[in-house]
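The next block holds one structure in the form of structure tokens; read it before the comments.
Whatever order the structure lists them in is the order used to number ligands and atoms, beginning at 1.
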Amino acid sequence: MSEEIQVMDSNTEVLLEKGKKDGADTIWDRKAAMKTPCGFGEKGICCRICAMGPCRISPTKDKGAQKGLCGATADTIVARNFARMVAAGTAAHSDHARDIAHVLYMASEDGNYKVKDAGKLMNLAKEWDIKTENRDLYDIAHEVAETALNEFGKPFGTLKFLKRAPYQRQQVWSEQKIEPRAIDREVTSLMHSTHIGCASDPDSIFELSMRTALSDGWGGSMIGTELSDILFGTPTACATQANLGVIEKNMVNILLHGHDPSFSEMMVYASEDPELVKLAKENGADGINLVGMCCTGNEITMRHGVRIAGNFYQQELAIITGAIEAAIVDVQCIFPALADLSDLYHTKFIATSPKAKITGAEYIEFVEEKALETCKGIIKEAVLNFKNRDMENVLIPDNKSHANVGYSVETIIQCLDRVVNSYTDEFNTVKPLADVIWAGVLRGAAGIVGCNNPKVRYDESHITIMKELIKNDVIVVASGCAAQAAAKAGLMTMEAKELCGRGLKEVCERVGIPPVLHMGSCVDISRILDIVSRVAKEKDLDNRDLPVVGAAPEWMSEKAVAIGTYVVASGIDTFLGITPQVTGSEYFVDLLTNRVEENVGAKFYFEENPTECARKILERIEEKREKLGI
Ligand code: SF4
Ligand code: SF4
């Protein structure tokens, strides 16, 4: 066990202590065992994309190897490595979205999957010029799904959702030649360009990376979010709780972890099945307690208020409570370490996706055609496992916080309608938000997203930055594990308005919202793009002009690299609390943190100190305000 336990949550400390006694190996231990990370990897200057390598470039100029065997410089290698992270991140989000499009394609009136938000379906059909008059709802749904599926590999044109951006932004993309065409095509092209002997110019590699990342934000992720809302319902504000204290001593606890809402939605229905609840009671439990983790946790809390067990770093801790009957996973962000860890307890670790079979996990394939039946079978396994729990070895920490979640763009707009002046203004717009920003009541807005990372104290960067921003009248929207950090810290409650500056407090009171709004999972960052673009359009401006920033204080995944890149390419400055593995090329660092602004009007900031990061965000917001003359 690492002696340097880097946590800010007492639940974590308590469970790490228990894990130590139980002989559990956690990320904290593995981090300690890793010792100092490889300096070449850390700087992004090792390359193994061909079998002449691996090659590594000396971090010292004029000393040691300055080029790989093929002649690639540090600038090329760094740019290529970064690009491949973007490609992988885009692929992950987009493949997730493709599955949801397939599910919409198979939705039917009497099937497991139905259209829940017909209004949203109709709006999207209209947006995509799909005929709706005198047509069966499911015919429309299937055509929308097919159109979405074509976005992945259509041979001509550019992505449909690009038109949602302000026209000024569309112009930037066109001038920079970074308009994404088809999603899979961009991923493939980027992998091609970064093959040995293809692109070596770092600027061009980064342009291609932006085009690919845009195919995520304005393609895969946006399709994923829109179609999930159509199928599972557009989130509305609801109350929930967050942190490991939501695990219940006398219930069958099922931990759902991963990303795919087609799976988790069905698990929610299956867990409510009266027969299964009865079975749980017959087995000595009070009932079934489904709790969520990471983005699956976000999806089901946004739509059903299912309680959040925790974020990325708590996946092991949940099992260490000794009270999880089954940890059920689909794709992405699942520690393979959960297999060995579950063996220490009675927990059944069940993998369900053919895309993410995990060594040591039981595998029950989730088949969409038999969705409810499969999910009921999985829940039954968990229920029957309750009797195997060692009650003597259960420790569920008390901490849990209340949180209000479910802030889709539609819900935010509904909340804003509460303060519309009905004499002069229309309902159902973002004008009230733009107005308070222009009046200076709110100084700006920040989207705080991303993961946990052992390079920084767990959750601390998220919370420090959020608190500092709301104190200074910057409203925060959050997604992914950052949102869960906020929920655990109580920042998603109405009471959190007391932590805000006067302006934001007033807005929270009048509009009836918490100062940190949960906007969903990582693919739901497309909701953030949507709302920012609506505010920009309201003022006939580009995103780049708005006092708005993005931040990923504790990011770790390739998906986060794709997200950061599409946010910058969308004209929104992005603050990274973890420096990406690019510092082996001063040229590339300068491109990301400086020169890219000339091309797309936004750039990256690397700042690992959260207080300093918040200061820089506030400074940048004021700079933008000054430029606007507001
Ligand atoms: S592509 Fe070039 S730098 Fe990379 S491993 Fe091959 S020879 Fe080395
Ligand atoms: S925020 Fe990061 S760790 Fe959390 S689910 Fe998303 S990608 Fe995974």
Any R80 heavy atom less than 4.0 Å from ligand 1: yes
Determine, for [X] against [Y], whether the closest basic-nitrogen to carboxylate-oxygen distance falls under 4.0 angstrom.
X    : Y    : value
E365 : K357 : no
D524 : R527 : yes
D229 : R303 : yes
R30  : E316 : yes
K355 : D95  : yes

Atom 2 (Fe) of ligand 2 neighbourhood, protein N/O/S only, threshold under 2.8 Å: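 The answer is C451 SG.
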Heavy atom of Q332, distance to ligand 2 below 4.0 Å: no
N, O or S atoms of the protein lying under 2.8 Å from atom 8 (Fe) of ligand 1: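 Protein N, O or S atoms closer than 2.8 Å to atom 8 (Fe) of ligand 1: C55 SG.
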Option among K31, Q581, E42 that satisfies the side chain to side chain contact (heavy atoms under 4.5 Å, CB included) test with P37: E42
Side chain to side chain contact (heavy atoms under 4.5 Å, CB included) partner of I475, the single match among L469, I513, V516: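 Single side chain to side chain contact (heavy atoms under 4.5 Å, CB included) partner of I475 among L469, I513, V516: I513.
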Nearest atoms (heavy-atom pairs only) where H259 meets H96: O-CE1, 3.3 Å
R56 and ligand 1 - part of the residue with a heavy-atom distance under 4.0 Å: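 Within the 4.0 Å criterion, R56 makes no contact with ligand 1.
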Heavy atoms of other groups near K467 NZ, more than 12 under 6.0 Å: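 No, NZ of K467 has 12 or fewer neighbouring heavy atoms, counting only those of other groups under 6.0 Å.
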Pair E299, S264: side-chain N/O donor-acceptor within cut-off below 3.5 Å: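 Result is no, nothing qualifies.
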Y313/W28 aromatic ring centres below 6.0 Å: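 They qualify: ring centres under 6.0 Å apart.
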Top protein contact for atom 5 (S) of ligand 2, by heavy-atom distance: H259 NE2, 3.3 Å
